[in-house]
Amino acid sequence: MRTWYKYLVIEEADPVRLEKDRAAQEHQKTMGGYSTDRGYASKEEFFRTYVSGGDRRYRYYHEALKECLNKEEAGLSIGSGRCGNELFLMEEGYNIVCSDLENYCEERTSDIFEKMKFVKYDVMAGPFPGKFDYIFSLNVLYLFPREQLLKVFQHVAESLKDGGRFIVDPGGAEDNLYTALIDNWGVRWDAQAQAFLKTMLKRSKKKVFKKHHGYRCNNKEFVAVAEEAGFKFEGLKTSDYVTELKDRMLLFHGLPESAVRLLGWPIPYVRLFNFRKIQ
Ligand SMILES: C[S@@+](CC[C@H](N)C(=O)[O-])C[C@H]1O[C@@H](n2cnc3c(N)ncnc32)[C@H](O)[C@@H]1O
């Protein structure tokens, strides 16, 4: 496992904290926040904007989760954020409680969804008060170093019924030589080129800041931590061979997805692990 840094191209005078974000709100700001609201006009627009027509990851999650969840079972989502996938599944009849440190879009969401179930929950603080058939978590666990990751798995295990499942995408491609080269060289030099171009075109000085984003772990390490917490590994599904290159580097931005996919096959951005709590 290694620390994952991102390179921000911003105004030289903009205030920026380069250490890991402390508060959830701070990390949301770094990630672009949940402020877009064109999708809150109606349920249909919400799903079109944030799931079916949104980020390629969320389309994949919807289909993959439907394949392994059961409408009769009770589920919990941890770190639900905007709750796009959760609300779509609930709309189709799945019984899911959303949770996060904050309900970031509470007012806008309650305007269009009457029956959303949301509970404030910090997975680091302890087990959830209640037991579920399954728990899922998308793009949250990259925030935790190994010791905290173990705690998270232990708390999840304690919040599951015997034999319950934990379906989890830690967020981002795994730690391997390819992502190490991208993080340490590719993204860094691409950011320098972007700063240069933006400074020339916009005539205001842009600078590159190296910011702590979270942690990258490889698949083996992730499974080992889960097993230490009492889970059995039941499978891994991967998808999205594009985001790690195309959305992070100007160099790949203009290329068609089919071309980027060929280069990105060793670094899928989606890694959906399936674990079962050992009884
Ligand atoms: C990158 S967002 C992902 C949101 C959503 N699952 C998605 O895929 O769009 C990470 C989320 O994890 C939440 N989070 C961070 N630390 C947490 C914790 N200790 N317990 C529960 N949620 C946490 C944040 O508030 C944030 O909403």
Side-chain angles (χ1 to χ4, degrees), residues 1-10 18-21 27 30-32 54-61 63-64 79 137-150 152-153 167-197 208-228 233-275:
M1 182 180 279
R2 69 178 156 84
T3 306
W4 181 4
Y5 292 99
K6 287 210 167 170
Y7 292 87
L8 312 177
V9 181
I10 48 181
L18 301 181
E19 300 83 45
K20 190 179 178 208
D21 292 323
H27 192 62
T30 310
M31 297 287 289
D55 189 307
R56 47 185 91 82
R57 280 174 293 169
Y58 298 117
R59 270 175 269 161
Y60 178 80
Y61 292 143
E63 296 310 320
S137 179
L138 307 172
N139 307 304
V140 180
L141 269 54
Y142 72 92
L143 293 168
F144 305 108
R146 197 191 185 285
E147 326 77 70
Q148 291 185 2
L149 193 60
L150 179 60
V152 169
F153 272 109
I167 300 131
V168 53
D169 184 343
E174 74 169 328
D175 174 20
N176 60 21
L177 182 63
Y178 201 166
T179 52
L181 288 173
I182 292 173
D183 290 341
N184 295 326
W185 296 97
V187 179
R188 187 163 146 206
W189 292 110
D190 196 87
Q192 295 290 359
Q194 283 187 45
F196 175 76
L197 286 175
V208 176
F209 291 93
K210 183 179 176 185
K211 165 111 184 115
H212 191 305
H213 182 66
Y215 301 87
R216 279 202 199 267
C217 65
N218 67 40
N219 296 342
K220 262 189 165 173
E221 286 169 326
F222 195 67
V223 170
V225 180
E227 286 174 346
E228 194 177 331
F233 171 63
E234 293 204 321
L236 167 66
K237 287 181 180 169
T238 58
S239 179
D240 183 2
Y241 304 88
V242 174
T243 297
E244 200 66 63
L245 296 170
K246 197 172 168 68
D247 294 3
R248 296 188 65 206
M249 284 182 273
L250 198 60
L251 183 66
F252 295 97
H253 201 67
L255 291 180
E257 288 208 359
S258 52
V260 180
R261 209 171 289 130
L262 285 177
L263 297 167
W265 68 265
I267 44 170
Y269 204 82
V270 167
R271 294 184 287 153
L272 204 55
F273 291 82
N274 218 313
F275 296 107

With Asp55 via side chain to side chain contact (heavy atoms under 4.5 Å, CB included) - residues at least two apart:
Arg57, Tyr58
If you define the side chain from C-beta out and look only at heavy atoms, does anything of Gln148 sit under 4.5 Å from Leu143?
no
State the CD-NZ distance between Glu174 and Lys220, to the nearest 0.5 angstrom.
10.5 Å
Output the distance between atom CE (Met1) and atom CZ (Phe144), rounded to the nearest 0.5 Å.
11.0 Å
Between Tyr5 and Val187, is any pair of side-chain heavy atoms under 4.5 Å apart?
no
Heavy-atom donor-acceptor pair, Asp190 side chain to Gly186 backbone, under 3.5 Å:
no
Just by modelled atom types, is the Ile267 backbone N or O under 3.5 Å from a matching donor or acceptor in the Glu244 side chain?
no
Would you name the heavy atoms of Leu263 and Phe252 that are closest together and state the gap between them?
CD1-CE2, 3.6 Å
Is the shortest heavy-atom distance from the side chain of Val152 to the side chain of Val140 under 4.5 Å?
no
Among Thr238, Asn219, Asp240, find the residue that satisfies the side chain to side chain donor-acceptor pair (under 3.5 Å) test when tested with Arg271.
Asn219
Side chains of Tyr178 and Leu245: closer than 4.5 Å at any heavy-atom pair?
yes
Do Lys246 side-chain atoms and His253 backbone N/O form a donor-acceptor pair below 3.5 Å?
yes
Are Arg59 and Glu63 within salt-bridge range, i.e. N to O under 4.0 Å?
no
Using ring centroids (six-membered ring only for Trp), state whether Phe222 and Tyr215 fall under 6.0 Å.
no
Would the distance check show the side chain of Ser137 and the main-chain N or O of Val168 forming a donor-acceptor pair, the cut-off being under 3.5 Å?
no
Atom CH2 in Trp189, atom CG in Asn184: separation rounded to 0.5 Å?
12.0 Å
Given Gln194, Arg188, Gln192, the one that forms side-chain contact (heavy atoms from CB on, under 4.5 Å) with Val208
Gln192
Answer yes if the side chains of Asn139 and Tyr61 hold a donor-acceptor pair under 3.5 Å, and no otherwise.
yes
Tested for side chain to side chain donor-acceptor pair (under 3.5 Å) against Arg216, the lone hit among Asp183, Asp175, Thr3, Asn176 is Asp183
Measure the spacing between CH2 of Trp4 and SG of Cys217 and express it to the nearest 0.5 Å.
10.5 Å
Residue pair Glu228 / Leu149, side-chain heavy-atom distance below 4.5 Å:
no
So which atom in Ser239 and which in Pro268 form the shortest heavy-atom distance, rounded to 0.1 Å?
O-CB, 3.5 Å
Spacing of CG belonging to Leu255 relative to CE belonging to Met249, to within rounding of 0.5 Å:
11.0 Å
If you compare all heavy atoms of Thr179 against all heavy atoms of Ala173, which two are closest, and at what distance to 0.1 Å?
CG2-CB, 3.8 Å
